[in-house]
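What follows is a set of notes on a single structure, which appears directly below.
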Amino acid sequence: MRTERRTGPEVAWRRMGAVRATPTGGARPKTARLGELDALRGLAALAVVAFHYTTSYAQQVGHLQPLGFGFTPGNYGVHLFFLISGYVIFMTLEHTRDGMDFVVSRFSRLYPAYWFCIAVTAAVVAAIGLPAQQLAPAELALNLTMVQQFLGGEHLDGSYWTLQVELFFYAQMLLWFMLGQLRHIHWIIAAWLVLAMAHGLVSADGQHFSYTVRELLILRHIPFFALGIVFYRLHQQRSGRDLDIAMIGLCLVAIGIANGPVLLLVALVCTTVFALFVAGRLRFLCIGPFAWLGAISYPLYLLHQAIGFALIHRLEQRGVPSLAAVGLAVVVALSLATAVNRWVERPAMEAIRRTWRRQRERLATA
């Protein structure tokens, strides 16, 4: 790896546009750097696990032997997920031929693993879960939609709330793609930020803001997705980079107004991480352990909370020290996630996409 002679924030901003040209004359981020995004996703998922098994479990259930520590920052790992999704989804749509390709891609990525993890989680919760974890069959069936919260249902696993947010973001982006408006993404982001700030100001004033509008447009989270989109554009070394940098500032202002100082600090940390990423300063993440963690990040996120809580509770009830119970729960979650990634997530995704390609080719031939 080449050693950089100059360092500092101004160098990071200057090098944001480093890309590799494609044969068609476009530009696309280096594959290794997408590996960095996978690693960041894996680290964010692990941070969420640490938060849930320490701080969240202590608050909701209570360790029999207090750990004496927690990992509160892990609660904000989901916001890094949102930036990564903004980057990846915009990139995906720029290289998508039609809307159905995107739908099939997202469906194959999300739903097969999700449905399998629901089945595993429901079985474990039914066998050893806490009373508060039990759901009625109708509520459990509602979880299959991934938008159970919007439909008035409860989550089988508390971590599922972010999946609805992601899904509504995909739907918005697909709509703008189908309307041919992604070339006007700055105006779209500006509208998002105005609505997000309006929601924040109205809510802070104690007034009512439409629940349906807030949830469908994910107004509490859309500035984080917008940050990811703008960083993708900066990474592509497009014209109007000054405008993109200005949009980053506007996103941070919107988060500060709409969400308050804590999430503004979170956004600043995420922005710093992405500035380092697009400047090529996170290449050290492209190694085996981080690649593995990135690969299993989705099933790890889906499986860890409800199963981990039930397991920690049972182990502590049987006299296992709380710290050891947490450690065992982490090992079980990582092992389950690895198995699901290898035998469910990847095979199902590849099979669905392969079937869709064949069907598309047959339709084209006909």
Side-chain angles (χ1 to χ4, degrees), residues 37 41 44 78-111 114 145-152 155 160-203 209-236 238 243-244 247-248 250-255 257-259 263 267 270-271 274 298 301:
L37 283 185
R41 187 185 290 111
V78 294
H79 297 90
L80 186 57
F81 288 152
F82 295 157
L83 263 80
I84 294 171
S85 289
Y87 184 106
V88 171
I89 295 305
F90 193 80
M91 177 186 68
T92 300
L93 285 170
E94 282 216 326
H95 298 91
T96 294
R97 289 191 294 178
D98 58 62
M100 276 306 299
D101 282 347
F102 180 77
V103 171
V104 171
S105 171
R106 291 299 91 197
F107 176 85
S108 66
R109 175 75 176 89
L110 295 179
Y111 275 97
Y114 175 66
T145 66
M146 204 178 282
V147 293
Q148 56 271 10
Q149 181 178 344
F150 184 74
L151 298 176
H155 298 296
Y160 291 174
W161 72 269
T162 63
L163 303 179
Q164 175 179 291
V165 174
E166 295 270 355
L167 204 60
F168 286 165
F169 173 66
Y170 299 164
Q172 284 195 63
M173 294 299 290
L174 178 60
L175 174 63
W176 294 121
F177 171 80
M178 297 296 290
L179 294 174
Q181 296 301 308
L182 287 184
R183 64 183 182 276
H184 302 306
I185 191 62
H186 288 114
W187 289 107
I188 295 171
I189 290 175
W192 285 342
L193 298 182
V194 169
L195 288 171
M197 289 187 286
H199 167 260
L201 292 172
V202 168
S203 301
F209 195 96
S210 171
Y211 170 81
T212 302
V213 172
R214 184 192 74 189
E215 294 301 310
L216 285 177
L217 299 182
I218 52 173
L219 296 181
R220 291 174 294 178
H221 314 291
I222 197 64
F224 287 91
F225 290 99
L227 279 171
I229 292 172
V230 177
F231 270 110
Y232 171 75
R233 287 183 52 83
L234 282 168
H235 202 179
Q236 293 303 294
R238 299 170 183 272
L243 177 58
D244 288 325
M247 292 299 294
I248 290 176
L250 290 176
C251 288
L252 294 174
V253 170
I255 291 169
I257 293 174
N259 302 101
L263 285 184
C270 291
T271 298
F274 258 69
Y298 184 48
Y301 187 80

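Numbers here simply count residues along the sequence, with the first being 1.
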* To do: Might you work through the side-chain contact (heavy atoms from CB on, under 4.5 Å) test for Trp176 and Ile185, ending with a clear yes or no?
  => CA-CA 9 Å; Trp176 294 121; Ile185 191 62; over 6 Å; no
* **Intermediate values then yes/no, side-chain contact (heavy atoms from CB on, under 4.5 Å), Phe82 and Ile222** => CA-CA 8 Å; Phe82 295 157; Ile222 197 64; over 6 Å; no
* **Verdict with reasoning, Ile89 to Arg106, per side-chain contact (heavy atoms from CB on, under 4.5 Å)** => CA-CA 10 Å; Ile89 295 305; Arg106 291 299 91 197; 3.9 Å; yes
* **From CA spacing to verdict: side-chain contact (heavy atoms from CB on, under 4.5 Å), Tyr170, Thr92** => CA-CA 11 Å; Tyr170 299 164; Thr92 300; over 6 Å; no
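With a 4.5 Å cut-off on side-chain heavy atoms, Leu110 and Leu167 count as touching. No side-chain heavy atom of Trp192 sits under 4.5 Å from any side-chain heavy atom of Ile218. In this structure, the side chains of Gln172 and Ile188 stay at 4.5 Å or more apart for every pair of heavy atoms. Counting heavy atoms from C-beta on, the side chains of Leu227 and Ile255 come closer than 4.5 Å. You'll find the side chain of Phe168 reaches within 4.5 Å of the side chain of Val147, heavy atoms only. Within the 4.5 Å cutoff, the side chain of Leu80 has no heavy atoms near those of the Arg41 side chain. A heavy-atom distance below 4.5 Å is not found between the side chains of Arg233 and Met247. Proximity of Phe177 to Leu174: side-chain heavy atoms (C-beta onward) are separated by under 4.5 Å at one or more points.
The two residues Ile229 and Gly86 have their closest heavy-atom pair at CG1-O, 3.4 Å. Taking all atoms of both residues into account, the shortest heavy-atom contact from Tyr298 to Leu163 is CE1-CD2, 4.0 Å. Here the closest heavy-atom approach between residue Tyr232 and residue His95 is recorded as OH-CE1, 3.7 Å. Residues Ile248 and Phe231 share a closest heavy-atom pair of CD1-CZ, 3.7 Å. Val88 and Leu37 get closest at one heavy-atom pair: CG2-CD1, 3.9 Å. Considering every non-hydrogen atom in both Gln148 and Gln164, the closest pair reads N-OE1, 4.2 Å.
Of the possible donor and acceptor atoms, one in the side chain of Thr271 sits under 3.5 Å from a partner among the backbone N and O of Ala267. Looking only at distances, a side-chain donor or acceptor of Asn259 sits under 3.5 Å from a matching main-chain atom of Arg220. Between the Tyr87 side chain and the Val230 main chain, no donor and acceptor come within less than 3.5 Å of each other. Remark: side-chain polar atoms of Glu166 are not paired, donor with acceptor, to backbone N or O of Ser85 under 3.5 angstrom.
We find the NE2-CG distance between His221 and Leu263 to be 9.0 Å, quoted to the nearest 0.5 Å. Atoms CD and CE, from Gln236 and Met91 in turn, are 8.5 Å apart once rounded to the nearest 0.5 Å. To the nearest 0.5 Å, the span separating CG on Leu219 from CG on Leu195 amounts to 5.5 Å.
Residue Phe225 is tested with Phe90, Phe81, Phe169 for a ring pair (Phe, Tyr, Trp, His ring centres under 6.0 Å); the sole match is Phe169.
The ring of Tyr114 has its center closer than 6.0 angstrom to the ring center of Tyr160.
The environment of CE in Met178 is sparse: at most 12 heavy-atom neighbours from other residues, nucleotides or ligands sit within 6.0 Å.
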